[in-house]
Amino acid sequence: VGRRDGRLDAAPRGPRTRPAAHAACDAHRLARRGLRSRAPHDSRPAVEASPALVYVGVMKTLLMLGGSPHQVHAIRRAVAMGLRVVTCDDRPDNPGHVFAHEYHEVSTTDLDGVLALAGRVGIDGVLAYASDPAALTAAYVADRLGLPGDPLGAVRRAQDKLRLREVQAAADLPVPEFVDAADRDAVRRLRQGHPDGIVVKPTDASGSRGVTVVPADASGADADAAVATALAASRSGRAVAEAFWGQGRPEHAGDALVVDGRIHYLGLLAKLLRQRPGAMPEPVGGGPPLFGPVESDAIRGQVQVLVDALGLRNGAYNFDLRVDGDGRFTIIDFGARMGGTLVGLLYEARDGIDLVGACIDLAIGVRRVPRATEPGSGHLSILRIQADRDGAFRELRLSKELAGMVIASQLAVQSGQAVRAYRDSGDLVGIMVLRSTDPGILSTIAMDPQRFFTVVMVGDAVLESDSHPFLLDDALSRPGP
């Protein structure tokens with residue numbers, strides 16, 4: 001069961017339901033099981049609607065793939081919108097499941113398992129919010145059941161990093177030089193031609209898993225080891241090697257809301273990175289973008305070309321881009337899903353756009369363009385809370401300065417749970433959205449976090465007067481004023 005402090009008590013495995021009965025609604029659903037949601041090729045124009053859209057009448061069912069900390073606010077938002085929410089993954093202790101009406105222990109990458117679950121439950125839509133591995137599953141289920149969703153082939157192209165590079169090149173978009181990592185000779189030639197080295201990554205993993213930077217002066221054995229690491233992390237056993245360029249240059253992240261094939265909103269963040277030897281730069285947060293309207297329009301144009309080339313139609317799509325020495329932008333990563341780390345709440349607080357609600361609407365076939373509400377004041381950023389050592393988590397303590405900036409948050413671990421020093425995106429203690437009138441302090445917090453928060457381990461001594469214990473409160477899951 002969920003508790004107000006955000007922790008999670010033990011719960012049984014398998015299907016879990018709220019005791020309060022959606023029984024009448026479920027009986028009605030059984031009676032109309034043969035009906036389907038409007039198919040994705042619906043030709044009616046998208047509508048513009050306020051962010052406060054709530055569904056009434058017959059309750060529709062949304063299958064959310066996953067219940068990780070990145071997905072909690074989307075699950076809660078869907079419930080608040082009046083939908084019956086069913087979650088599934090292979091981690092019953094994930095924090096999002098306690099907010100859903102039902103949970104089923106089925107891996108989000110088990111295509112046929114999720115399809116069978118969707119058929120048993122009787123769903124009106126399926127959503128892989130902030131999840132690369134689940135995006136293909138959502139498209140597969142929607143395709144098989146005739147539910148709203150992007151074409152399966154388009155999502156396959158977007159989620160396969162090698163095929164994505166091929167699409168970028170064919171569309172005449174800027175793209176790093178790349179080769180199929182299965183071709184050892186091609187990898188060797190690529191290394192020889194690039195003084196900054198190469199990066200080797202699985203074609204279908206996420207969160208920097210299996211990704212290795214191979215410096216130019218590394219040995220052939222080092223390159224072979226990097227390929228082996230990437231292949232081991234790939235579900236399909238494939239990897240891509242590409243030129244590692246632009247080290248130290250500005251990098252940005254963004255999300256594009258696409259309705260009927262056209263970008264209606266583009267959210268951008270400057271990525272705050274720390275470099276670790278032999279690894280990709282480590283993202284520690286995101287702050288205000290570092291460019292103006294002209295550059296934003298150029299990025300929008302490039303993302304639109306890629307969306308068209310991939311064949312994507314309706315959804316929110318996450319991307320990373322880097323700026324070269326001549327000020328040109330290159331999309332270095334792209335996913336057919338919304339970004340994680342509470343970025344949807346940041347856009348809502350900063351720009352007044354309910355991107356989370358728009359993703360939920362599209363998943364059940366409501367193609368709406370959300371109207372912007374009055375945006376908040378000040379500067380906002382994302383802060384990833386990471387441990388600097390291995391241990392058993394006890395609590396998170398914040399400095400008084402940081403505690404006053406938090407407007408949204410999500411803990412990813414429970415007291416007593418084992419945590420480790422950051423290695424990849426799975427090593428996350430928590431996520432916060434911060435607001436301040438001073439953008440400089442936001443960058444300082446991200447780059448020197450130990451000055452502002454402490455991940456306290458079991459057995460640590462704590463000076464109570466120096467910081468505040470952090471307890472997740474319901475008010476912190478919504479954007480502040």
Side-chain angles (χ1 to χ4, degrees), residues 35-65 74-75 77-85 118 123-131 134-155 157-158 254-267 300 303-319 334-339 344 347-348 351-373:
L35 298 179
R36 289 180 173 178
S37 298
R38 182 169 294 274
H41 58 266
D42 180 358
S43 60
R44 294 182 302 178
V47 298
E48 186 176 274
S50 77
L53 193 61
V54 175
Y55 296 98
V56 296
V58 176
M59 182 177 281
K60 292 194 172 187
T61 296
L62 176 66
L63 176 59
M64 293 281 291
L65 303 185
I75 295 169
R77 181 65 58 85
V79 170
M81 290 168 64
L83 300 176
R84 175 175 174 249
V85 178
I123 66 171
D124 297 283
V126 56
L127 178 60
Y129 186 89
S131 173
L136 184 61
T137 306
Y140 176 80
V141 170
D143 178 75
R144 293 296 185 270
L145 297 182
L147 297 173
D150 274 317
L152 180 57
V155 176
R157 289 188 289 272
D255 291 272
L257 175 63
V258 174
V259 182
D260 293 337
R262 185 166 69 89
I263 295 176
H264 287 270
Y265 169 78
L266 191 75
R300 178 188 288 262
V303 175
Q304 183 68 67
V305 169
L306 182 56
V307 165
D308 292 342
L310 289 168
L312 297 169
R313 295 288 301 163
N314 290 289
Y317 311 122
N318 181 252
F319 59 91
F334 186 92
R337 48 83 179 175
M338 175 72 184
Y347 294 140
E348 187 172 354
D351 301 334
I353 292 290
D354 180 12
L355 208 54
V356 181
C359 290
I360 294 166
D361 283 335
L362 290 171
I364 60 172
V366 178
R367 301 186 334 280
R368 74 178 180 104
V369 179
R371 283 201 303 264
T373 59

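Heavy-atom basis, side chains included; hydrogens, waters and symmetry copies ignored.
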J.: If you measure from CZ on R262 to CG on D308, what distance do you get to the nearest 0.5 Å?
T.: 11.5 Å

J.: Output all residues satisfying side-chain contact (heavy atoms from CB on, under 4.5 Å) with A130, sequence neighbours left out; order by chain, then residue number.
T.: H70

J.: Looking at V258, D150, L257, which hits side chain to side chain contact (heavy atoms under 4.5 Å, CB included) with L362?
T.: L257

J.: What distance do L147 atom CG and L127 atom CG have between them, rounded to the nearest 0.5 Å?
T.: 12.5 Å

J.: What is the minimum heavy-atom distance between A138 and V126, and which atoms define it?
T.: O-CG1, 3.5 Å

J.: Any non-hydrogen side-chain atom of L83 less than 4.5 Å from a side-chain atom of M59?
T.: no

J.: Could you point out which residue of Y317, Y347, Y265 forms a side chain to side chain donor-acceptor pair (under 3.5 Å) with D255?
T.: Y347

J.: Could you give the distance from CG (L306) to CG (L312), rounded to the nearest 0.5 Å?
T.: 8.0 Å

J.: Roughly how far, to the nearest 0.5 Å, is the CE atom of M81 from the CD1 atom of I360?
T.: 5.0 Å

J.: Provide the closest heavy-atom pair for A372 versus D351 in the form atom of the first, atom of the second, distance.
T.: CB-O, 3.9 Å

J.: For L136, check side-chain contact (heavy atoms from CB on, under 4.5 Å) against everything at least two apart and list the hits.
T.: L152, V155, R156

J.: Using a 4.5 Å cut-off on heavy atoms from C-beta on, say whether the side chain of Y129 contacts that of V356.
T.: yes

J.: What is the minimum heavy-atom distance between A309 and R157, and which atoms define it?
T.: O-NE, 4.5 Å

J.: Side chains of R337 and N318: closer than 4.5 Å at any heavy-atom pair?
T.: yes

J.: Listed by chain and number, what are the side-chain contact (heavy atoms from CB on, under 4.5 Å) partners of S131, not counting sequence neighbours?
T.: Q71, P133, A134

J.: Can you name the side chain to side chain donor-acceptor pair (under 3.5 Å) partners of D143, sequence neighbours left out?
T.: none

J.: How close do V307 and G261 get, heavy atom to heavy atom, and via which atoms?
T.: CG1-O, 4.5 Å

J.: In chain order, what residues pass the ring-ring contact (aromatic ring centres under 6.0 Å, His included) check against F319, with sequence neighbours excluded?
T.: none

J.: Quick one: pull up CG in D124 and CG in L145 and give me the separation to the nearest 0.5 Å.
T.: 11.0 Å

J.: Holding to ring-ring contact (aromatic ring centres under 6.0 Å, His included), I want the full list of residues that pass it with Y140, two or more places apart in sequence or in another chain.
T.: none

J.: Hey, what do you get for NZ (K60) to CD1 (I364), rounding to the nearest 0.5 Å?
T.: 5.0 Å

J.: What are the two closest non-hydrogen atoms of A256 and L266, and how far apart are they?
T.: CB-CD1, 3.8 Å

J.: Kindly give the heavy-atom pair with the smallest separation between A336 and A135, and that separation in Å.
T.: O-CB, 3.8 Å

